[in-house]
Amino acid sequence: MAFELDGERIAEENRKRLKWLEEDFEHLGRQLTRRGVDIERLTERAAAFRVSVPSWGLGTGGTRFARFAGPGEPRNVFEKIEDCEVVFKLVRTTPGVSLHIPWDQPESPAELRAFAQARGLFFDSMNSNTFQDQPRQALSYKFGSLSHTDPAVRRQAVEHNLECLRLGVKLGARSHTVWIGDGGNFPGQVHLRKALERYLESVREIYRALPEGWRLFIEHKLFEPAFYSTVLNDWGTSYHCVRELGERAFSLVDLGHHAPNVNIEMIVARLIQFGKLGGFHFNDSKYGDDDLDSGSIKPFQLFLIFNELVDAEQARIPAFDPAYMLDQSHNVTDPIESLMTSAGELVRAYVQAHLVDRARLAEHQEGNDALLALQSLKHAFITDVEPILAMARYRAGGAIDPVGVYRSSGYRQRAAQARPASARLGAGIV
Ligand code: LRH
Ligand code: MN
C-alpha cells in the first residue's frame with residue numbers, strides 16, 4: 001500500500017488537542033462525582049465498547065435512482081479492509097468487519113484473513129446474498145429465494161448460505177446473518193402462510209449446518225424490495241422462527257427495518273426478555289430503510305435502545321451477548337468519516353445509558369412518578385459525554401478528533417490517486 005495513516009500523525013494531532021481535552025475531562029469528572037459516577041470507570045466502558053463495520057459501507061452507497069461514486073473508492077475487499085484499518089486506527093472500537101458474499105468473495109480466504117489480522121482486524125458476521133442474481137447463476141431469485149415456490153431455487157439459496165458458512169470458518173468468523181428480500185408486490189401474489197413454511201424449512205437446513213460455536217442471526221424487514229408482503233416482515237415472525245430453529249438462532253434488529261414511529265426499544269426489551277436478541281444493524285432513518293448514519297436523525301431513540309441494553313447488562317441477564325454492527329449506506333458523505341462518527345454515536349449512547357440512576361428510576365417507576373422517571377433518562381441523555389469518548393480514544397492510541405486527523409492526513413486524496421475511479425456508473429445501494 002503506497003499510503004498509510006501513520007501513528008505519528010495521530011500523536012501530533014492529539015498533542016494540539018490534549019490540553020483542552022484534559023480540562024474538559026476533569027471538569028466533567030467533578031460534575032459526575034457529584035452524581036456519584038466515577039468518570040474513570042465510564043471511560044473504561046467506552047474504551048471496551050465494540051461495533052463491527054460493514055464491508056459494504058466503505059464504498060459510496062446509492063439508491064434505485066443513482067449512485068454517485070466518490071473519489072478513491074475501494075475496488076475490492078482488500079481495499080475495503082485498508083479503509084477499515086483507518087477507521088479502527090482512529091476510533092479504536094471497530095476491530096470487527098462484517099463481510100457480504102459474494103460481494104467480498106476472496107480468491108484466497110487465508111490471504112484475506114492474514115491481510116486483516118496484520119491490520120488488527122477480524123471477521124465478524126458473514127452475510128449471504130440471495131436478493132440479487134449473480135452472473136452464471138442457474139436459477140433467478142426474482143420471485144424469492146429461501147421461500148421460493150420452486151424447491152430447486154430454495155436448494156440453490158440454501159447451498160449459497162452453506163458456502164458462506166464454509167468460507168466463514170476459513171476466515172475465522174463466528175456468526176452468519178440471513179436477510180432475504182422475499183415477498184410479493186400485490187395481494188394474492190404470495191400465499192402468506194405457505195411462504196413462511198418454505199422459508200423455515202430452508203433455514204432449518206442452514207441452522208443444521210451451523211459450525212461449532214457459531215450463532216445464526218435472522219434479520220426481519222417490513223418492506224423493500226417487496227412492496228406488499230415480506231416473508232420475514234417483523235420481530236414477531238423472526239422470534240417465532242428463531243424459537244423453532246434452536247438455541248443458537250437469534251433475531252437481529254436492523255433499526256431501519258421498521259415502520260416509522262415503531263417503538264424499537266420495546267422490541268429490543270422483548271427480545272432480551274425472551275433470550276433471543278442476537279444483535280443489531282445500527283443506522284438511522286426518517287422514512288424507510290434509509291440506512292443513514294447512526295444517531296443522525298433520532299439520537300434519543302438510539303439512547304433509549306442502549307438504555308434497554310445497559311439495563312440488561314447491569315441486571316446480568318444470562319447469555320446476554322448482542323452483536324453490535326453498523327449497516328449504513330453512505331450516499332453523500334465520505335464513508336470513512338460516516339463510519340467513524342457513527343461508531344462514536346453508539347459509544348455516546350452506551351456511555352449516556354450508564355449515567356441513568358437505575359435505583360432512582362426504579363423508585364419513580366414503582367411509585368408511578370412518570371415525570372421524574374422520564375427526567376431520570378433525559379438527565380443522562382442531555383449530559384455531554386464527549387470528553388469521555390475522546391479520552392477513551394486517546395488512551396487507546398486513537399484520535400481525540402478522528403475526522404480532523406483523517407482530513408489533515410489527505411488519505412482520501414491519496415486513495416483517489418492510487419485507486420483510479422472505475423467507469424462503473426449505475427444505481428443501487430453498493
Ligand atoms: C437489507 C440489509 C441487510 C443487508 C443489506 C445490505 O436492507 O439491511 O442487512 O444484507 O441491507
Ligand atoms: Mn441490515
Side-chain angles (χ1 to χ4, degrees), residues 51-64 67 74 77 80 96-105 123-134 141 144-147 157 160-161 163-164 167-168 173 175-183 199 203 206 215-227 230-235 237-238 250-259 262 264 267-268 271 277-294 302 305 322-331 335 338-339 342 346 427-430:
V51 59
S52 291
V53 164
S55 64
W56 59 95
L58 277 303
T60 301
T63 71
R64 60 183 170 166
R67 188 186 82 89
V77 65
K80 292 176 185 177
V97 178
S98 299
L99 293 180
H100 220 298
I101 306 299
W103 295 337
D104 301 318
Q105 182 76 42
F123 294 113
D124 193 344
S125 196
M126 302 296 287
N127 291 264
S128 57
N129 178 343
T130 58
F131 51 85
Q132 294 172 324
D133 287 346
Q134 305 304 325
Y141 293 133
S145 61
L146 296 173
S147 76
H160 165 66
N161 279 275
E163 179 42 44
C164 290
L167 173 59
S175 66
H176 182 54
T177 300
V178 179
W179 171 73
I180 60 167
D182 296 22
Y199 166 81
V203 180
I206 300 168
R215 296 190 290 177
L216 179 67
F217 301 144
I218 64 171
E219 184 179 358
H220 59 274
K221 183 173 181 177
L222 180 66
F223 79 102
E224 188 205 44
F227 291 107
T230 291
V231 174
L232 218 286
N233 63 315
D234 67 7
W235 80 274
T237 306
S238 174
F250 298 88
S251 297
L252 182 141
V253 177
D254 183 312
L255 275 55
H257 289 187
H258 305 86
V262 161
I264 299 176
I267 293 172
V268 170
L271 288 170
L277 176 66
F280 292 86
H281 278 179
F282 287 110
N283 48 57
D284 212 334
S285 51
K286 181 78 175 158
Y287 304 103
D289 186 21
D290 310 340
D291 280 339
L292 300 174
D293 294 9
S294 299
L302 186 63
I305 289 169
Y324 298 152
M325 296 170 271
L326 291 169
D327 179 4
Q328 300 175 178
S329 180
H330 309 115
N331 304 359
S338 278
L339 289 167
S342 299
L346 300 186
I429 60 170
V430 291

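Atoms within a ligand are numbered from 1 in the order they appear, just like the ligands themselves. These figures come from a predicted structure and were not determined experimentally.
Residue-to-ligand polar distances keep D291 apart from ligand 1: every N/O pair is separated by 3.5 Å or more. No N or O atom of W179 sits closer than 3.5 Å to an N or O atom of ligand 1. Checked by distance only, ligand 1 and D327 come closer than 3.5 Å through their nitrogen or oxygen atoms. For ligand 1, the polar-atom distance check finds no N/O of N127 at less than 3.5 Å from any of the ligand's N/O atoms. An N or O contact shorter than 3.5 Å is missing between W56 and ligand 1 by distance. For the pair H281 and ligand 1, the shortest N or O to N or O distance falls below 3.5 Å.
The main-chain N or O of L252 is never found under 3.5 Å from a side-chain atom of H281 such that the two would form a donor-acceptor pair. Listed for the S55 side chain is a donor-acceptor partner under 3.5 Å among the backbone atoms of S98. Judged by distance alone, the side chain of D284 and the main-chain N or O of L292 form no donor-acceptor pair under 3.5 Å.
One side chain, D327 or W56, offers a donor N or O that lies under 3.5 Å from an acceptor on the other. Looking at S145 and D182, their side chains do bring a donor and an acceptor atom within 3.5 Å of each other.
Residue E224 does not touch ligand 1, judged by heavy-atom distances below 4.0 Å.
Taking all atoms of both residues into account, the shortest heavy-atom contact from I101 to Q105 is CG2-OE1, 3.2 Å. Shortest non-hydrogen contact noted between G57 and L339 is O-CD1, 3.8 Å. Taking both residues in full, the closest heavy atoms of S294 and S342 are given as N-OG, 3.6 Å, listed atom of the first, atom of the second, then distance.
Taking the six-membered ring for Trp, H100 and F131 have ring centres closer than 6.0 Å.
Ligand-side atoms of ligand 1 in range of E219: 2 (C), 3 (C), 8 (O), 9 (O), range being under 4.0 angstrom from any heavy atom. Close contacts between ligand 1 and D289 involve ligand atoms 7 (O) [criterion: under 4.0 Å to a heavy atom]. Interface atoms of ligand 1 facing H100, defined by a heavy-atom separation under 4.0 Å, are 4 (C), 6 (C), 10 (O).
Take the Mn ion (ligand 2) as the corner point: the lines to OD2 of D327 and to OE2 of E219 open at 170°, to the nearest 10 degrees.
The distance from the Mn ion (ligand 2) to the nearest N/O/S atom of H281 is under 2.8 Å.
Of all N, O or S atoms in D254, the one lying closest to the Mn ion (ligand 2) is OD2.
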